[in-house]
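Here is the structure we will look at.
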Amino acid sequence: MDDRYNPEKVESRWQEYWEKNHIFRASEDKSKSKYYLLEMFPYPSGKIHMGHVRNYTIGDVVARYKRMNGYNVLHPMGWDAFGMPAENAAIDNKTHPATWTYQNISTMQSQLKRMGFSYDWEREVATCKPEYYRWEQWLFLKMLEKDMVYRKESYVNWCEHCQTVLANEQVESDLCWRCGEMVQQKKLWQWFFRITDYADDLLVYCDNLPGWPEKVTLMQKNWIGKSTGSEISFKIEGQEDYIKVFTTRPDTLFGATFMCLAPEHPLVESLSKGRPQEAQVAAFVDKISKQERSSSSIEKYEKEGVFVGAWCINPANGRRMPIYTANFALMEYGTGAVMSVPAHDQRDFDFAKKYNLDIVVVIQPKEGTPLDSATMTEACPDPGLLANSGKYDGMDNSEAMDKITDWLEKEGLGKKTISFRLRDWGISRQRYWGTPIPVIHCQTCGVVPTPESDLPIVLPEDAHLLENGGSPLPTLDFFKKATCPKCGRADAKRDTDTMDTFVESSWYFIRYCSPHCDTAMFDKEAVKYWMPVDQYIGGVEHAILHLLYSRYFMRVLNTLGLIDFKEPFTNLLTQGMVLKETLKCPEHNYIFPEEAQIADGKATCKKCGNDVEIGRVIKMSKSKKNVIDPNDLLNRYGADITRLFCLFASPPEKGLEWNDDGVEGCYRFINRVWRLAATCIEITKGAKPYSGSLSQLSDSDAKKLYTKAHQTIKKVTDDIDGSFHFNTAISAVMELVNAMYSVELTSNSSDEVKSVALFCIEHIILLLSPIVPHFAEEVWMLMGKSEGITEQKWSTYREDALLSDEILVVVQVNGKLRSKFSIDAESSDELIQKTALADEVVQKYIDGKAIKKVIVVRKKLVNIVV
RNA sequence: GCCUGGGUGGCGGAACUGGUAGACGCAAGGGACUUAAAAUCCCUCGGAGCUUAGCUCUGUACGAGUUCAAUUCUCGUCCCAGGUACCA
């Protein structure tokens with residue numbers, strides 16, 4: 001046996017062994033319990049980085065652990081291969097998105113293979129292949145048939161200079177990232193999935209996902225944002241028309257003193273038409289229409305508005321309310337109109353102060369000084385009793401919500417209603433590298449679905465990317481020109497938009513069940529066996545969008561009768577992000593860490609010598625270049641130590657600022673185990689691992705080690721199975737290894753110690769095997785085992801070997817630790833209390849003082865209060 | 001801005017359900033072995049103070065509170081990260 005672990009020699013050999021023997025090939029074996037373990041597939045951006053390594057190592061440990069526990073494990077991997085970075089790279093490097101993507105897939109695949117992950121590579125999928133996306137097109141057509149998709153006009157970021165659509169990421173403080181021109185908004189006809197039809201169901205099931213972290217379901221609930229309230233109609237003065245608002249506070253109706261409409265609200269133009277305010281309103285609407293529309297940007301803009309020149313009537317008290325259009329009223333939410341109650345809503349209050357509008361208090365707090373509109377400095381949203389509200393005066397506001405709504409309903413001016421924050425999912429992208437939307441636009445027939453037999457509508461891979469970043473598809477006649485399938489018109493046009501890449505990732509996990517099925521989206525029997533995913537693991541960054549879209553897609557498939565379940569992922573582990581500071585060179589923009597020279601908190605660019613700006617510590621991503629490629633660690637330490645280190649660094653759900661300082665310790669640990677194994681193999685020849693009861697052992701070292709070993713098995717099992725806290729699992733094994741080193745193991749050791757030592761080392765290797773599989777295979781083989789460690793059963797512990805006979809009790813006086821003592825584990829609370837009070841050190845602190853209270857925590861602690 | 005998390009030694013982190021703060025490791029310092037180095041092994045290691053075999057005080061972002069007891073629960077503040085609907 002070598003005197004140290006040699007990853008270079010060992011790791012590729014076992015990888016070949018696993019591959020040659022198809023160890024990780026999964027097949028539907030109905031005699032076994034299935035376990036579908038899935039990690040979020042990566043976008044092939046170039047090379048893998050530590051974020052991937054961490055995610056996939058976590059998954060691999062669980063996969064191998066479940067396999068050892070007798071499950072039939074499905075553990076697939078693939079590529080989320082469509083997306084914008086491929087287009088950017090194509091422009092930057094004068095290559096083609098497909099070439100770039102396939103090259104990256106090949107690089108990243110070999111990196112993943114080098115990590116020794118237990119994937120069934122025969123199930124690999126890449127979403128950019130027609131074999132994959134044809135089924136997405138097929139599903140789109142099914143959805144179109146059932147009216148689950150529709151078209152409407154909506155805005156995109158538009159750069160006039162580049163003549164192209166920009167993603168939110170490509171807009172940097174209102175400017176185009178390529179040319180620096182001010183970004184505008186452009187209205188386009190786009191396709192939307194009716195996800196809002198499932199808003200309630202998606203919400204309700206959030207409470208039915210016990211295997212998900214609560215923070216994720218909570219975020220989803222807030223995202224869906226169900227609010228109950230009332231729809232109220234306000235008559236427009238001098239017209240027959242009404243303005244409908246949605247409000248969660250009908251109790252404050254009497255305090256509504258003005259009205260705000262979204263700038264895109266159809267009434268804004270019609271009401272202001274012909275009035276003195278017309279030009280000002282038009283200018284305001286125009287200004288807002290050019291502003292960015294992302295929620296974070298909208299919130300950054302100062303709240304402002306203009307009077308449209310018209311009034312509406314408050315149905316409760318007949319008050320004339322000026323109608324404004326304001327940038328905080330959103331057309332996408334509620335009805336696009338807001339009744340403003342400045343006394344009880346801060347935003348309305350600010351707005352009223354700014355434009356000198358009336359403030360009327362209609363809810364008085366039950367206690368404290370009454371509110372006075374003349375002296376208030378902020379709005380009061382708190383509950384209380386109604387005032388200035390006619391017959392509702394004095395009523396509790398929670399009761400008034402219903403009462404006022406009931407009255408409105410009788411008058412035909414309102415009703416109870418529910419509003420969601422969730423919006424329909426816009427899927428049209430004016431991009432090239434994505435799944436073509438399978439419809440044809442005909443001047444006679446309108447939108448016509450592509451016949452199923454024409455699928456897939458293949459994305460032409462011989463297209464050249466445009467310098468401005470725009471999609472070449474509209475310029476390709478051979479792609480764009482189509483014959484109308486309905487009327488036969490020859491001048492019909494194929495839709496040249498592609499789908500949002502979140503569409504591909506909303507169903508890839510179901511494709512893995514039968515990845516080569518070419519007659520359907522998936523094989524129903526295979527899906528019945530494997531789905532839903534038992535454990536899904538991925539970055540917490542996907543807590544809302546990807547996970548919500550996937551849940552929505554399963555509902556669509558369920559509605560279409562294709563599957564009989566609704567929730568795709570039974571258990572979810574959201575991994576914290578691996579973070580690293582960004583580096584920005586004035587000449588080269590973002591640079592990779594290896595392109596900078598960093599010393600004493602200062603950085604310079606190796607290429608140009610300029611000072612580099614050290615930016616915030618953010619999640620690793622290729623676009624910001626703050627990535628650490630694992631190849632360096634792999635070359636120095638191999639896969640197992642890289643895996644071990646990633647897991648040992650922190651628990652998975654926590655974010656991790658990347659730093660490889662501790663890796664040397666992992667290397668030392670592995671070699672400590674290696675040498676320990678070598679010693680055990682050497683001295684225990686002919687011995688059998690001990691597996692009897694603790695009480696049958698007489699040697700104190702043997703007893704100590706045996707208990708520790710069983711405690712370790714329990715700890716590691718609980719840490720992996722319950723919480724994925726591999727860092728503490730590894731610590732536990734380290735403790736056992738330390739305990740073994742503290743016992744002198746020589747050929748002169750007693751037989752008892754030898755056979756306990758053998759038990760210990762075998763279980764150390766078994767416990768470590770999911771984490772450092774190559775190392776474990778190698779040691780296992782050197783220990784003379786004929787079967788690979790992947791075929792072994794997971795360790796189990798004996799309850800009767802877990803406990804030692806003595807326990808440690810700590811004694812506090814007034815909550816401060818003063819003493820401790822060991823006592824027989826079976827001692828009664830009375831005896832423990834008596835022993836504590838008699839303790840010499842304790843006596844010193846309680847001497848001469850009256851004992852007020854003694855608290856005894858079972859088998860653990862005594863607190864004496866004096 | 002809003003939603004969701006997080007903040008513990010020089011560093012990564014540990015602490016069951018409110019019960020010994022700092023497990024396990026890294027770094028650092030000291031020592032052993034060695035001609036030397038590497039490797040390995042042993043010791044010290046939150047801070048402050050003192051009458052220094054030890055003892056006392058203090059300490060889990062900050063400020064309050066609940067409790068016999070708070071890293072853990074409540075309220076407020078600050079900072080950091082993720083998401084914010086076209087990055088994936």
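The C1' atoms of B/A28 and B/C87 are separated by 42 Å, rounded to the nearest whole Å. Annotation: B/G29 and B/G83 have their P atoms spaced 40 Å apart (nearest Å). A gap of 12 Å separates the P atoms of B/A23 and B/A15, to the nearest Å. Nucleotides B/A37 and B/A32 are separated by 16 Å at their C1' atoms, to the nearest Å. Nucleotides B/U44 and B/C57 are separated by 22 Å at their C1' atoms, to the nearest Å. Nucleotides B/G82 and B/C68 place their C1' atoms 40 Å apart, quoted to the nearest Å.
Phosphate contact (OP1/OP2 of B/G13, side-chain N/O of A/K654, threshold under 4.0 Å): present. Applying the 4.0 Å criterion to OP1 and OP2 of B/C86, one finds that A/R429 has a side-chain N or O inside that range. Taking only side-chain nitrogens and oxygens, A/N738 never comes nearer than 4.0 Å to OP1 or OP2 of B/A23. Applying the 4.0 Å criterion to OP1 and OP2 of B/U4, one finds that A/N222 has a side-chain N or O inside that range. Listed pair A/R668 / B/C24 fails the phosphate criterion, with no side-chain N or O lying under 4.0 Å from OP1 or OP2. Checking the phosphate oxygens (OP1, OP2) of B/A85, no side-chain nitrogen or oxygen of A/R421 falls inside 4.0 Å. A close approach under 4.0 Å does occur between a side-chain nitrogen or oxygen of A/K853 and OP1 or OP2 of B/C68. Phosphate contact (OP1/OP2 of B/C87, side-chain N/O of A/S623, threshold under 4.0 Å): absent. At the phosphate of B/U84, neither OP1 nor OP2 sits under 4.0 Å from any side-chain N or O atom of A/R293. At B/A85, one or more side-chain N or O atoms of A/N168 fall inside 4.0 Å of OP1 or OP2 (strictly under the cut-off). Contact between the side-chain N/O atoms of A/R4 and the OP1/OP2 oxygens of B/A39 is not found at any separation under 4.0 Å. Phosphate contact (OP1/OP2 of B/A14, side-chain N/O of A/S731, threshold under 4.0 Å): absent.
Only A/I855, A/V857, A/K860, A/L861, A/N863, A/V865, listed by number, bring a heavy atom of residues 855-866 of chain A to less than 4.0 angstrom from any atom of RNA chain B.
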Just distance, no hydrogens or angles: give the donor-acceptor pairs under 3.5 Å from side chains in residues 849-856 of chain A, sequence neighbours left out.
from   : atom 1 : to     : atom 2 : distance (Å)
A/K849 : NZ     : A/Y845 : O      : 3.4

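Residues A/L573 and A/Y536 have side chains not in contact (no heavy-atom distance under 4.5 Å, counting atoms from C-beta outward).
The residue A/L422 sits close to a base: some heavy atom pair falls under 4.0 Å.
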Exercise. Starting at the 5' end of RNA chain B, what dot-bracket string do you get if Watson-Crick and G-U pairs under 3.5 Å are bracketed, crossing pairs use [ ], other-strand pairs use | and unpaired bases use dots?
Worked result: (((((((..(((......[....))).(((((.......))))).(((((...)))))..(((((..]....))))))))))))....
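Heavy-atom nearest nucleotides on RNA chain B were determined for A/L656 and for A/D661, and the one closer to the 5' end corresponds to A/L656.
When the P atom of B/A88 is taken as reference, atom CD of A/Q170 falls 9 Å away, rounded to whole Å.
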